[in-house]
*Asks:* 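The following block contains the structure, expressed as structure tokens.
Keep in mind the model is a prediction, meaning the values are calculated, not measured. Each ligand, and each atom within it, is numbered from 1 in the order the structure gives.
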Amino acid sequence: MTKNRRIAVIGAGLGGAAAGALLQQAGYDTRVYEQAPAFSRLGAGIHLGPNVMKVMRRIGIEDKLNAMGSHPTHWFSRDGRSGEYLSRIPLGDFAREEYGAAYITVHRGDLHELMVSTLDQERLYFDKRLVNVDDSGDKVIMTFADGTTDEADLVIGADGVNSCIREKLLGPEAPIYSGWVAHRAIISAEKLKAYDLDFEACVKWWSEDRHMMVYFVTGDEKEYYYVTGVPEPEWKHGTSFVDSSREEMRKAFEGYHPTVQALIDCTETVTKWPLLERNPLPLWHDNRLVLLGDACHPMKPHMAQGAAMAIEDAAMLVRCLDEVGADRYQDAFELYRTNRFERASRVQKVSHDNTWLRQDEDPAWVFGYDVYEVPLRQLQHT
Ligand code: FAD
């Protein structure tokens, strides 16, 4: 098999878009299939740590992201009620010097649009929901919900928490509802000017069982964003999110600091999302199929590293295909798993525990990681 044989990426989320772009740039004949008819600018933000920005540099969009994003000088953790500082983690210039790239926060829709624009648009297919894969011959046959089929030599499942490829490898199993929800809202910074309060560029407000993470999602600091973690014993809605309300937010954050109350007062629309997880999977690949991102290690978002892990996966997968050669795809896939499993599982665990940066700690193992420089752990052949 040479680089001109076909690789299919299922899902054009953040992990799939990264995989598609990196494979195409490396010269692999790669097609990306996305179930959605189009993408819209959903109201959400995302952190991009230096570990991800190094992959963005390789894709060629680091400068654009640096121009687009907010550059917090610190990640602050504060007590939700008293406002006391629990930690001050230096970012800004420190991150650039110490970890080799910037730490930014951006609008998720802006990031996604930019990443998708780096794909070969002729090889990006919307409205293609994969419903079956047949990996029994010398090609994989993919069947889509619209009744069409296509074939590929290798198929990458970047199809998120309810992955069809994961189901093919391991059988049907719903993700675990963590018992926590996340509220998400974008607030116009203009409204906040009415308050004599300091709205910091990146701050997490904590109490025993809940928190609110707050940051700007644009470089001009016009859009401020919060995302919460709040316990809710059951998720009965059967959808990926529902509308929430100011009243619900007030109740959830009763007694919290005036800065948090101001954010709730300024909220126009707020949505509520169930936080889903899986335990580390026993299998990441089989024959011509391989998983990445939320398809194989979905996690609570409390380290702000879920998409980061998906994007690092994509970069490591391409590195391993280059290293071993796509002809030996099973070795390449195993090398990829060997070099990703421990890190992804550790991030899953810390995210689950929701302890990240609550106290002063050294985040270098996450932010300092360079997927292109880290020595490859080699396969143990018997
Ligand atoms: P997804 O983003 O879910 O993409 C999967 C794609 O596959 C989708 O486009 C979907 O439509 C498509 N698809 C699914 N099934 C099929 C099919 N059968 N056929 C074709 N296409 C299909 N991460 C961070 O790094 N930083 C953060 O700050 C952060 N904040 C978060 C806040 C919240 C509230 C949540 C819930 C998550 C957060 N995350 C964050 C985590 C992050 O969103 C996910 O880990 C990340 O989106 C995973 O990327 P992915 O590409 O693996 O999956």
*Asks:* Which atom pairs, nitrogen or oxygen on both sides, join ligand 1 and the protein at under 3.5 angstrom?
*Replies:*
| from | atom 1 | to | atom 2 | distance (Å) |
| --- | --- | --- | --- | --- |
| ligand 1 | 9 (O) | Glu34 | OE1 | 2.7 |
| ligand 1 | 9 (O) | Glu34 | OE2 | 3.3 |
| ligand 1 | 11 (O) | Glu34 | OE2 | 2.6 |
| ligand 1 | 11 (O) | Gln35 | NE2 | 3.2 |
| ligand 1 | 18 (N) | Leu130 | O | 3.1 |
| ligand 1 | 19 (N) | Leu130 | N | 2.9 |
| ligand 1 | 21 (N) | Gln35 | N | 3.1 |
| ligand 1 | 23 (N) | Gly306 | N | 3.3 |
| ligand 1 | 23 (N) | Ala307 | N | 3.0 |
| ligand 1 | 25 (O) | Ala304 | O | 3.3 |
| ligand 1 | 25 (O) | Gly306 | N | 3.4 |
| ligand 1 | 25 (O) | Ala307 | N | 2.9 |
| ligand 1 | 25 (O) | Ala308 | N | 3.0 |
| ligand 1 | 26 (N) | Ala304 | O | 3.0 |
| ligand 1 | 28 (O) | His47 | N | 3.0 |
| ligand 1 | 43 (O) | Arg108 | NH1 | 2.7 |
| ligand 1 | 43 (O) | Arg108 | NH2 | 3.2 |
| ligand 1 | 45 (O) | Asp294 | OD1 | 2.8 |
| ligand 1 | 45 (O) | Asp294 | OD2 | 3.4 |
| ligand 1 | 45 (O) | Gly306 | O | 3.4 |
| ligand 1 | 45 (O) | Ala307 | N | 3.2 |
| ligand 1 | 47 (O) | Arg108 | NH2 | 2.8 |
| ligand 1 | 51 (O) | Leu14 | N | 3.4 |
| ligand 1 | 51 (O) | Gly15 | N | 2.8 |
| ligand 1 | 52 (O) | Asp294 | N | 2.9 |

*Asks:* Are Tyr103 and His47 close enough that their ring centres sit under 6.0 Å apart?
*Replies:*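 Yes, the ring of Tyr103 comes within the 6.0 Å limit of the ring of His47, centre to centre.
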
*Asks:* Do the side chains of Arg129 and Asp127 get close enough for a salt bridge, i.e. N-O under 4.0 angstrom?
*Replies:*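 Salt bridge flag = no for Asp127 with Arg129.
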
*Asks:* Please tell me whether Phe39 and His112 form a close aromatic pair, meaning their ring centres lie under 6.0 Å apart.
*Replies:*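 Under 6.0 Å, so yes.
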
*Asks:* Would you please say whether a donor-acceptor pair under 3.5 Å links the side chains of Tyr225 and Arg184?
*Replies:*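 Indeed, the side chains of Tyr225 and Arg184 share at least one donor-acceptor pair under 3.5 Å.
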
*Asks:* For a quick check under 3.5 Å, do Tyr28 and Asp322 share a side-chain donor-acceptor pair by atom type?
*Replies:*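 Judged by distance alone, the side chains do pair up.
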
*Asks:* Step through it carefully: locate the ring centre of His302, locate the ring centre of Trp180, and say whether they are under 6.0 Å apart.
*Replies:*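 That pair fails the under 6.0 Å test.
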
